[in-house]
Amino acid sequence: MAEHPRPAGTAGLLLAFALVVATVLLVLALASVEFQPTLNSDYLLAHVFAHGLGDPVHPVSGWKFGSTAFWFPDYVIYLPLYELCGNSGWSYPLYAVVIFLLLGATMAWSLAAAGVQKTWAAIAGFLALDVILLGQFIPGHAPWLWELGIPAYHGGNLVNGFALLAITLTVVRNGQWSRGYSISVVAWMTLGLVSNALLLFHWMVPLAFALGWQSRRTPALRAVSAGFMRRAALALGLALSLQAVFAATGWFLFYRLFREWPLPTLVWGSLTQFFTDFFAHGLFRSQWLFWTLAAAAALVAAHGLRTRKENPPNAATQVAFTAVLGGLALAWATPIAAIYWHDATSFRYLLNWLVAPAWLLTLWLCAKPSRTRWLAIATPAMVLLGAVLAIPRIEAAKLVFPNSPEALALRDYCAQRGLREGLADYWTGHSLNVAWDFNGPSLSNVRDKDFAYFWGNNVFTYFPAAVNQPGLRRPAPQFVLLRGLDREILTQWLGDGPLHIEKAGSYDIALLSAEQTRRAGELITAQAEDALQGRRAQWLNSQLPPAP
């Protein structure tokens, strides 16, 4: 990629800084609109986990996660913010600001690694990100952008992916693996894989393919390609070994990576569901900006493939285009082939579709001789537009957990009746525990399918601390919040006749008989021991009084 005149030092830094400020304003505007209305138990997971780490009674080894746990960068960022902000809720908007700034920085870093002059790369990377963030003002687009900024979702995987791309493209331009870059790429891939399996499909496999493909035309890259394969294999082995250590030492519980066998009928069902969601359930209507950018990026790539013989791009640029396009294709195919696509919410597995096309278009535009002009003109316009649209939306009162009168009334109801231990649907339980600042009745998660539901919480917390003595006591739930639960199925689980139901504000609450309390405790204990197994189950049994 040909070099172009760099902007004057101070002017370039000011342009980049102005775009960073615009990014912060746009993210806070997005959080002001989306944080409170979309609050749900899935993205409260990070907050509940952060609180659980400080629990002196229940060891964290009973925490159950999905197949990956979002350690890096998600929890590395969120845990200090939780310590700083407590239970105010500010930790979520601040996390979104940090993760978007990191995303802009890694996008800029990877543009520079592909051959764009560093100052222009910083300007272009944040300019592309701000264009995407402006999508929040288009109806339907804001919720998907907000998912990029939620801890324990998949936005952090984009940060890891662009960083991995930047390191690899730098090695491509240097023509060899140095010790520093070798250590960096192995460390980044290992941490990324332990944190999110999507790194493998969205970035590592496409990069391996792109390097192999390009090395056929550029023999000098063969050593770089072979070196990437060896380092990727080492990182994968280290990540699997680390998971094995977690398993052997009894730290954390993980769901299996593949929930169902990928039988052809199931894959076909997942594929048809995807197209139904895309065309009939609004995925295109609510994301047309992102799909338009993706179509434009595909056209640019196709044009580049047709003209590369006459005007071949440098190897780093070609690897970048091929890898990012391959990641987009695999992002679409992977959740369908693995039977993970269930409904429109599964789009969280495709979050690179929101950002990667804009990055590809930016890389293409940065190769144009007019780069100096369009960046110099577009940047002030973007900063001004972003500030004008974002500032009126930002409200501090909307950047904290909502003060729910219903939740407070329910806590008062339970306090008046001496109800200290209850059961609730997963969504209701997590939301209320957070709304009560973890100082209300203890709510454990249950669901219709299999009663106790251990995903996204610590199995040990189903067993309260013993009073005035060491150890834990057996669960003895006094009530069930019926919101989200089937009453007939719940009656079948608990037995002893119909449920005694009262109204607590807008909540229906089932007050359990002594027999129903005993039955619920037995079910939870048996299911918890089955989930924990091994050392964790032995530790739990050593803390409990003998069964009555």
Side-chain angles (χ1 to χ4, degrees), residues 7 10-39 43 77-78 80-81 84-86 88-108 119-120 122-151 153 155 158-159 286-290 292-293 351 354-355 358-359 361-362 374-403:
T10 303
L13 291 175
L14 287 175
L15 287 174
F17 179 74
L19 285 167
V20 169
V21 172
T23 301
V24 173
L25 294 175
L26 287 166
V27 173
L28 290 176
L30 178 65
S32 295
V33 173
E34 293 297 320
F35 174 42
Q36 291 185 3
T38 62
L39 197 65
Y43 78 74
I77 300 169
Y78 191 80
L81 291 176
L84 175 67
C85 302
S88 67
W90 266 101
S91 46
Y92 275 91
L94 291 179
Y95 175 91
V97 168
V98 173
I99 203 72
F100 272 103
L101 289 178
L102 287 175
L103 184 55
T106 52
M107 289 170 68
T119 309
W120 287 125
I123 294 170
F126 277 96
L127 182 62
L129 182 61
D130 288 348
V131 168
I132 296 165
L133 284 168
L134 280 178
Q136 67 183 280
F137 301 101
I138 301 173
H141 286 60
W144 307 105
L145 286 169
W146 176 239
E147 287 196 2
L148 279 172
I150 299 173
Y153 263 58
L158 279 171
V159 173
S286 64
Q287 300 175 15
W288 63 262
L289 171 64
F290 309 129
T292 301
L293 290 173
L351 289 184
L354 305 187
V355 177
W359 185 90
L361 289 171
T362 303
W374 75 261
L375 281 175
I377 295 171
T379 297
M382 172 60 65
V383 172
L384 180 61
L385 181 62
V388 168
L389 292 175
I391 290 175
R393 283 196 175 194
I394 300 173
E395 296 184 43
K398 294 182 178 180
L399 299 175
V400 295
F401 287 137
N403 183 13

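Only heavy atoms go into these numbers, but all of them, side chains included; no hydrogens, no water, no symmetry mates. Just so it is clear, the structure is predicted and the values come from calculations on it, not from any experiment.
Note: L14 CG to I123 CD1 = 10.0 Å, rounded to the nearest 0.5 Å. Between the CG atom in L145 and the CD1 atom in I150 there is a gap of 11.0 Å [rounded to 0.5 Å]. The structure places OH of Y153 at 5.0 Å from CD of E147, a figure rounded to the nearest 0.5 Å. Atoms CE and OG1, on M107 and T362 in that order, are 6.0 Å from each other to the nearest 0.5 Å.
For the pair H141 (side chain) and L133 (backbone), a donor-acceptor distance under 3.5 Å is absent. A side-chain donor-acceptor contact under 3.5 Å links Q136 to the backbone of L30. Judged by distance alone, the side chain of W144 and the main-chain N or O of Q287 form no donor-acceptor pair under 3.5 Å.
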Exercise. Does the pair Q36 and V400 meet the rule for a side-chain contact (heavy atoms from CB on, under 4.5 Å), with working shown?
Worked result: CA-CA 8 Å; Q36 291 185 3; V400 295; 4.3 Å; yes
For this session: Starting from the C-alpha separation in whole Å, work towards a yes-or-no answer on side-chain contact (heavy atoms from CB on, under 4.5 Å) for I132 and F290.
Result: CA-CA 8 Å; I132 296 165; F290 309 129; 4.1 Å; yes
Problem set entry | Evaluation steps, side-chain contact (heavy atoms from CB on, under 4.5 Å), between L134 and M382 | CA-CA 9 Å; L134 280 178; M382 172 60 65; 3.4 Å; yes
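Minimum heavy-atom separation, A142 to E34: CB-OE2, 3.4 Å. A pairwise comparison of heavy atoms in L289 and G135 identifies CD2-CA, 3.8 Å as the closest pair. Residues A128 and A358 share a closest heavy-atom pair of CB-O, 4.3 Å.
Listed by first then second residue, pairs satisfying salt bridge (charged side-chain N to carboxylate O under 4.0 Å, His left out) with a partner in residues 378-396 read E395-K398, not counting sequence neighbours.
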Side chains of residues 88-103: which donor-acceptor pairs under 3.5 Å do they make with residues two or more places apart or in other chains?
{"unit_1": "S88", "atom_1": "OG", "unit_2": "C85", "atom_2": "O", "d": "3.0"}
{"unit_1": "S88", "atom_1": "OG", "unit_2": "W90", "atom_2": "N", "d": "3.2"}
{"unit_1": "S91", "atom_1": "OG", "unit_2": "Y78", "atom_2": "OH", "d": "2.8"}
{"unit_1": "Y92", "atom_1": "OH", "unit_2": "Y43", "atom_2": "O", "d": "2.4"}
{"unit_1": "Y92", "atom_1": "OH", "unit_2": "H47", "atom_2": "N", "d": "3.4"}

Side-chain atoms of residues 21-29: list all donor-acceptor pairs with protein atoms under 3.5 Å, sequence neighbours left out, distances to 0.1 Å.
{"unit_1": "T23", "atom_1": "OG1", "unit_2": "L19", "atom_2": "O", "d": "2.9"}
{"unit_1": "T23", "atom_1": "OG1", "unit_2": "D130", "atom_2": "OD1", "d": "2.6"}

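Side-chain atoms of L39 and P402, non-hydrogen and from C-beta on, do get closer than 4.5 Å to each other.
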